[in-house]
Amino acid sequence: MSRYDVQGRLELEDRIRATVLPEQGRIPMFTYTDPAVYELEIERIFGRTWLFVGHVSEIPRAGSFVTRTMGEESVIVGRGDDAVVRVFLNACRHRGMRLACEDFGEVNNWRCPYHGFTYGSKGEFLGTFMGAPFEKVAYPEGLDRAALHLVEARCETYKGLIFATWSKEGPSLDEFLGDAKWYLDLIVGRAEMEVVGYPERWIVPTNWRLPAENFASDAYHTATAHSFLQRLGMVKGADFGRDGYHVDTGGGHGLGVGVHLDDQSYFPAELAAEYASNLDDDQLNTLSRLKNLHGNVFPNFTFLIPNFIEVDGQRVSGAMLRVWQPAGPNKTQVWSWHFVEKNAPDWWKKLGKRMYTQTFSSSGMFDQDDTENWEMQTRVSDGALYRDEDFVLHYGMGLDLPTLAKDEFPGPGDVYDGKFSEAAARTYYKVWRDRIVQEKR
Ligand code: FES
Ligand code: FE
């Protein structure tokens with residue numbers, strides 16, 4: 001269905017309204033790989049919502065930049081010569097050529113490789129003799145410099161995380177993240193964090209939503225999908241219990257908090273003072289009981305403190321961020337960042353890197369398990385695409401579970417006792433449906 005087929009779109013919206021029923025725990029499988037659904041997602045979700053595009057430590061100096069993708073569009077995430085972080089469409093205003101063809105770099109200005117139009121680090125078309133080659137001869141009537149400013153997205157940061165949106169109006173990043181911020185603090189706000197190397201990227205033949213909702217809501221799969229890692233002793237110290245909490249923060253963001261019952265925190269004692277200066281008492285207490293934390297900010301930004309495992313006799317975990325970058329209805333480019341506390345002791349940094357390589361990375365054993373499932377689900381969805389709506393997936397776990405009171409768990413949002421629930425996935429799909437379906441006319 002073409003994006004200009006208005007009637008077809010209205011029919012698709014009706015079909016989605018009638019069949020995507022997360023309130024009843026029902027999601028039809030055709031939604032995962034239908035190209036027309038994907039087209040709506042790119043336009044109405046990725047074209048309008050806040051998207052994670054990087055971390056401030058990736059662009060430390062004036063002129064540093066990285067190139068990223070919002071929806072299907074390349075963007076430049078750069079730090080201007082005034083130190084401000086901005087996000088631009090990676091396209092020259094003359095004929096639309098890509099300005100930055102590299103993954104990252106450092107520049108005084110961007111010079112278009114096609115005809116040489118030049119832009120400053122704040123996105124401005126540069127002054128006479130700098131902006132366009134042979135400007136006086138080629139444009140004797142002059143150029144409207146303001147109209148040639150790079151197309152700029154709205155950009156805000158939270159604890160070093162850079163987000164951008166094409167939407168000129170709508171909620172601030174702070175409002176958008178809402179209650180998810182309390183939990184994000186545990187991973188990116190607990191200390192001064194920095195990225196380790198450049199983010200890894202690889203392609204998975206899956207729809208982007210399957211991994212996103214997995215991290216938002218699915219602790220249930222771990223005991224089966226990852227069980228052989230424990231049974232064969234391939235990842236020492238990993239276990240997959242339900243101990244902990246399932247959290248639906250609203251807004252389509254969801255997460256799971258795994259806890260241990262030991263007296264002592266698993267995090268390094270050397271960082272205790274820094275944690276204490278960055279977190280409140282409730283957050284600090286939660287961090288000291290933490291065994292793992294997995295979550296997803298709507299639509300496709302995942303955060304993870306993996307299960308602590310044993311490496312060289314030491315218990316170690318870390319901080320990881322992911323973006324499930326859509327690259328078609330059944331293709332996803334995974335972006336994976338490994339983070340560490342800047343002031344961490346060497347052993348935590350060194351072993352944390354090995355833990356990352358071993359668990360959740362392009363070579364990670366957990367990723368291999370998960371990828372297999374997402375790929376096969378996507379194939380089934382492709383096959384089920386044109387069947388009737390009876391092929392409905394079951395999202396009913398925990399439909400009637402009560403939420404915990406504030407004195408039972410201090411974190412915000414709807415919190416459920418134990419990690420086995422699909423409440424966060426149901427909210428994810430409510431938000432998803434309401435964003436891609438327009439108001440009924
Ligand atoms: Fe950039 Fe022509 S396309 S200068
Ligand atoms: Fe998994």
Side-chain angles (χ1 to χ4, degrees), residues 16 19-34 37-38 40-42 45-46 49 51-52 180 183 204-222 224-226 245-257 292-304 320-327 329-336 360 366-367 369-381 384 391-399 413-414 416 419-436:
I16 291 170
T19 60
V20 177
L21 302 170
E23 296 83 354
Q24 300 168 25
R26 292 168 64 84
I27 309 292
M29 201 161 200
F30 81 87
T31 59
Y32 288 98
T33 48
D34 188 329
V37 172
Y38 178 78
L40 285 181
E41 290 176 323
I42 291 295
I45 293 177
F46 289 91
T49 196
L51 300 169
F52 174 74
Y183 301 92
V204 177
T206 180
N207 175 266
W208 65 273
R209 247 183 295 126
L210 290 166
E213 59 156 77
N214 172 290
F215 277 89
S217 188
D218 192 339
Y220 184 53
H221 78 287
T222 55
T224 304
H226 303 303
Y245 306 93
H246 180 88
V247 185
D248 172 4
T249 68
H253 323 314
L255 59 117
V257 180
N292 55 48
L293 172 74
H294 61 85
N296 189 71
V297 169
F298 187 87
N300 67 336
F301 171 50
T302 276
F303 51 96
L304 175 68
M320 299 173 194
L321 304 179
R322 288 272 173 102
V323 164
W324 311 102
Q325 184 63 53
N330 49 17
K331 193 156 107 183
T332 298
Q333 183 177 43
V334 186
W335 284 72
S336 174
F360 289 94
F366 286 82
D367 267 295
D369 298 339
D370 289 328
T371 300
E372 188 78 5
N373 291 304
W374 301 330
E375 180 178 345
M376 295 306 157
Q377 287 175 279
T378 301
R379 285 198 205 178
V380 170
S381 174
F391 196 10
V392 172
L393 303 183
H394 191 283
Y395 280 77
M397 189 192 294
L399 254 176
D414 285 348
Y416 299 87
K419 294 177 74 186
F420 295 168
S421 171
E422 286 163 352
R426 287 190 286 275
T427 301
Y428 183 91
Y429 275 102
K430 277 181 222 162
V431 173
W432 178 85
R433 178 194 59 202
D434 295 347
R435 292 204 180 193
I436 63 168

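Computed from a prediction, not measured in an experiment: that's the story for all the values here.
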* Would His226 and His221 count as a side-chain contact (heavy atoms from CB on, under 4.5 Å) if you check the C-alpha gap in whole Å, the side-chain angles of each, and the deciding distance to 0.1 Å? -> CA-CA 8 Å; His226 303 303; His221 78 287; 3.2 Å; yes
* To do: Would you please test Met320 and Ser336 for side-chain contact (heavy atoms from CB on, under 4.5 Å) and show each step?
  => CA-CA 7 Å; Met320 299 173 194; Ser336 174; 5.7 Å; no
* Passes side-chain contact (heavy atoms from CB on, under 4.5 Å), Val392 versus Gln24? Steps please. -> CA-CA 11 Å; Val392 172; Gln24 300 168 25; over 6 Å; no
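The ring of Phe391 has its center no closer than 6.0 angstrom to the ring center of Phe30.
For the ring-ring contact (aromatic ring centres under 6.0 Å, His included) with Trp324, the qualifying choice from Phe215, Trp335, Phe298 is Phe215, the only one to do so. When each of Arg426, Glu213, Glu422 is tested with Tyr395 by the rule side chain to side chain donor-acceptor pair (under 3.5 Å), just one qualifies, namely Glu213. Between Trp208 and the options Tyr38, Trp432, Phe46, a ring-ring contact (aromatic ring centres under 6.0 Å, His included) holds for only Phe46.
Scanning both residues, Ala212 and Pro299, for their nearest heavy atoms gives CB-O, 3.5 Å. Contact record, Tyr183 with Val247: OH-CG1, 3.6 Å, taken as the closest heavy-atom pair. Looking at every heavy atom in both residues, Asp218 comes nearest to His294 through N-CE1, 4.4 Å. The shortest non-hydrogen separation linking Val431 to Gly251 is CG2-C, 3.7 Å. Taking both residues in full, the closest heavy atoms of Tyr416 and Ala423 are given as CE1-CB, 3.6 Å, listed atom of the first, atom of the second, then distance. Closest approach of Ser421 to Gly398, counting heavy atoms only: OG-CA, 4.3 Å.
Under the 4.5 Å side-chain criterion, counting only non-hydrogen atoms from C-beta, Pro326 is not in contact with Glu41. Side-chain contact between Leu321 and Thr302: absent, with no pair of heavy atoms (C-beta onward) separated by less than 4.5 Å. In this structure, the side chains of Leu304 and Phe366 stay at 4.5 Å or more apart for every pair of heavy atoms. Looking only at side-chain heavy atoms (C-beta outward), Pro205 and Asn330 stay at 4.5 Å or farther from each other.
Distance alone, capped at 3.5 Å, places no donor-acceptor pair between the Thr206 side chain and the Thr378 backbone. In this structure, the side chain of Asn207 engages the main chain of Pro329 through a donor-acceptor pair within 3.5 Å. Remark: side-chain polar atoms of Asp367 are not paired, donor with acceptor, to backbone N or O of Asp370 under 3.5 angstrom.
Take Phe301 and apply the ring-ring contact (aromatic ring centres under 6.0 Å, His included) test, not counting sequence neighbours, and it matches Phe52, Phe163. Under the side chain to side chain donor-acceptor pair (under 3.5 Å) criterion, Thr427 pairs with Asp248, sequence neighbours left out. With sequence neighbours excluded, no residue forms a side chain to side chain donor-acceptor pair (under 3.5 Å) with Asp414.
From Leu255, atom CG reaches atom CG of Asn296 across 10.0 Å, with rounding to the nearest 0.5 Å. For the atom pair CH2 (Trp374) and OG1 (Thr332), the distance works out to 9.5 Å, reported to the nearest 0.5 Å. In this structure, Asn214 CG and Leu210 CG are separated by 8.5 Å, a value rounded to the nearest 0.5 Å. The CD1 atom of Ile436 sits 11.5 Å away from atom CD1 of Ile42, with the distance rounded to the nearest 0.5 Å. Atom CZ of residue Arg433 and atom OG1 of residue Thr19 lie 10.0 Å apart, to the nearest 0.5 angstrom. One finds the CZ atom of Arg209 at 6.5 Å from the OH atom of Tyr428 (value rounded to the nearest 0.5 Å).
Around NZ of Lys430, the count of heavy atoms belonging to other residues, nucleotides or ligands within 6.0 Å exceeds 12. For Tyr220, the OH atom counts as loosely surrounded, since its 6.0 Å shell holds 12 or fewer non-hydrogen atoms of other residues, nucleotides or ligands.
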